[in-house]
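Some notes on the structure that comes next.
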Amino acid sequence: MNCETGAEAAPQWYLVQSKPRQADRAEVNLVQQGYSVFHPQMMVERIRRGRRMTVEESLFPNYLFIRLRRWVDNWYPLRSTRGVARLVAFGREPLAVEDAMIEEIRRRLEARPAQSSLSPGQKVEIIEGPFRGLEAIFKVHQGERRAQLLIELLHRQVTLTIPVADIRRSA
């Protein structure tokens with residue numbers, strides 16, 4: 001029996017799986033239908049055609065969140081929305097995601113600075129880890145997530161490899 005109570009009528013976040021590489025399309029179509037959608041994305045550096053560029057990518061590829069009221073909102077259009085594969089469920093029960101989890105994802109995305117391209121010889125500051133607070137000279141990228149730096153340690157230059165997320169340009 002679908003009896004509506006105050007808790008069941010309160011909107012909750014649910015997980016939507018998009019079709020492969022169609023999360024952006026699903027987001028646009030759901031918003032056009034009036035749904036509240038959260039598609040967490042972050043800026044990352046990628047190498048495309050030999051050039052390093054900053055692009056926006058999904059934090060959870062092929063997944064986004066939609067805010068719905070369990071027994072009030074019309075869920076039927078979700079199945080036929082372009083880009084949407086399905087509403088994630090266990091058995092026949094759709095998976096509700098706690099508001100606190102959504103807020104934590106938003107908070108972490110806002111706190112994460114967008115990494116900008118660095119060039120060899122550029123001064124950087126280490127902002128995380130055991131060398132936090134030290135200035136260094138950017139030497140080279142090692143893959144997409146690590147960087148090689150030169151730091152002054154015990155009166156000599158030492159090469160150090162750390163995550164790109166742990167450094168930022170010096171002011």
Side-chain angles (χ1 to χ4, degrees), residues 10-31 35-68 83-88 90 95-171:
Q12 287 188 294
W13 289 102
Y14 293 92
L15 190 60
V16 173
Q17 183 180 15
S18 70
K19 292 179 181 172
R21 295 178 299 284
Q22 292 189 32
D24 291 332
R25 175 187 236 183
E27 178 184 17
V28 167
N29 290 317
L30 289 168
V31 168
Y35 293 109
S36 178
V37 178
F38 175 50
H39 184 198
Q41 296 180 320
M42 64 182 186
M43 299 302 286
V44 294
E45 276 192 353
R46 294 282 178 234
I47 298 174
R48 297 229 171 115
R49 296 183 184 136
R51 299 187 70 190
R52 186 169 301 280
M53 37 186 1
T54 304
V55 295
E56 193 172 44
E57 287 189 357
S58 285
L59 186 60
F60 307 109
N62 300 323
Y63 290 93
L64 43 108
F65 302 93
I66 186 168
R67 194 153 179 86
L68 299 166
V84 172
R86 67 186 182 98
L87 192 65
V88 176
F90 287 106
L95 176 66
V97 180
E98 292 185 24
D99 288 348
M101 181 176 287
I102 298 297
E103 291 308 312
E104 181 66 16
I105 293 169
R106 282 188 171 144
R107 187 187 67 73
R108 287 185 182 213
L109 287 175
E110 288 171 4
R112 180 187 164 102
Q115 294 295 320
S116 57
S117 296
L118 299 168
S119 52
Q122 188 170 25
K123 287 189 177 188
V124 295
E125 179 186 355
I126 301 172
I127 58 173
E128 289 293 327
F131 297 102
R132 180 174 40 202
L134 291 179
E135 291 230 339
I137 297 172
F138 178 77
K139 190 173 175 184
V140 69
H141 283 280
Q142 287 202 317
E144 293 181 6
R145 295 192 174 117
R146 299 189 69 75
Q148 210 175 60
L149 309 175
L150 292 174
I151 63 168
E152 182 88 18
L153 196 61
L154 300 173
H155 303 293
R156 53 185 270 216
Q157 283 195 336
V158 177
T159 301
L160 174 69
T161 303
I162 65 171
V164 172
D166 291 356
I167 60 175
R168 70 172 171 217
R169 287 184 184 189
S170 287

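Atom set for the values below is all heavy atoms of this structure, side chains included, hydrogens, waters and symmetry mates excluded. Values in this document were obtained by computation on a predicted structure and should not be read as measured data.
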Between Leu160 and Phe131, is the side chain to side chain contact (heavy atoms under 4.5 Å, CB included) condition met? List the steps. CA-CA 10 Å; Leu160 174 69; Phe131 297 102; 3.7 Å; yes

As a quick check of understanding, evaluate side chain to side chain contact (heavy atoms under 4.5 Å, CB included) for Leu30 and Val84, giving each step before the final call. CA-CA 9 Å; Leu30 289 168; Val84 172; 4.0 Å; yes

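Here the closest non-hydrogen pair linking Ala136 and Ile151 is CB-CG2, 3.4 Å. For the residue pair Ile127 and Ala165, the shortest heavy atom distance occurs at CD1-O, 3.9 Å. Closest heavy-atom contact between Ser170 and Glu125: OG-N, 3.5 Å. In terms of heavy-atom proximity, Ala26 sits nearest to Ser18 at CB-CB, 4.2 Å. Across His39 and Ser58, no two heavy atoms sit closer than the pair NE2-OG, 2.6 Å.
In this structure, the side chains of Phe65 and Val37 stay at 4.5 Å or more apart for every pair of heavy atoms. Between Ile66 and Trp13 there is no side-chain heavy-atom pair separated by less than 4.5 Å. A heavy-atom distance below 4.5 Å is found between the side chains of Arg67 and Asp99. Put simply, the side chain of Val124 does not reach to within 4.5 Å of the side chain of Ile137, judged on heavy atoms. Side-chain atoms of Ile105 and Phe60, non-hydrogen and from C-beta on, do get closer than 4.5 Å to each other. Contact check for Thr159 versus Leu150: side-chain heavy atoms found under the 4.5 Å cut-off. In this structure, Lys123 and Glu135 have side chains that are in contact, with non-hydrogen atoms separated by less than 4.5 Å. Looking at Ile126 and Leu149, their side chains come closer than 4.5 Å, going by heavy atoms from C-beta outward.
Rounded to the nearest 0.5 angstrom, Ile167 CD1 and Leu134 CG are separated by 13.0 Å. For the atom pair CE of Met43 and CD of Glu56, the computed distance is 5.5 Å after rounding to the nearest 0.5 Å. Between atom NZ of residue Lys139 and atom CD of residue Gln157 there is a gap of 9.0 Å, rounded to the nearest 0.5 Å. Rounding to the nearest 0.5 Å places CG of Leu95 at 10.0 Å from CD of Gln12.
The closest donor-acceptor contact from the side chain of Gln122 to the backbone of Ser119 lies under 3.5 Å. Under a 3.5 Å cut-off, the side chain of Asn62 and the backbone N or O of Arg21 do form a donor-acceptor pair. No donor-acceptor pair closer than 3.5 Å links the side chain of Asp166 to the backbone N or O of Ile162. At distances below 3.5 Å, at least one donor-acceptor pair connects side-chain atoms of Arg146 with backbone N or O atoms of Thr161.
Residues that satisfy the ring-ring contact (aromatic ring centres under 6.0 Å, His included) test with Phe138, not counting sequence neighbours, are His141.
In summary, the side chains of Asp24 and Gln41 do present a donor paired with an acceptor at a separation below 3.5 Å, with no hydrogens or angles considered.
Atom CD of Glu98 has 12 or fewer neighbouring heavy atoms from other residues, nucleotides or ligands inside a 6.0 Å radius.
Taking 4.0 Å as the cut-off between side-chain N and carboxylate O, Arg108 and Glu104 count as a salt-bridged pair.
Cation-pi geometry between Arg106 and Phe38 is met: under 6.0 angstrom from the ring centre, within 45 degrees of the axis.
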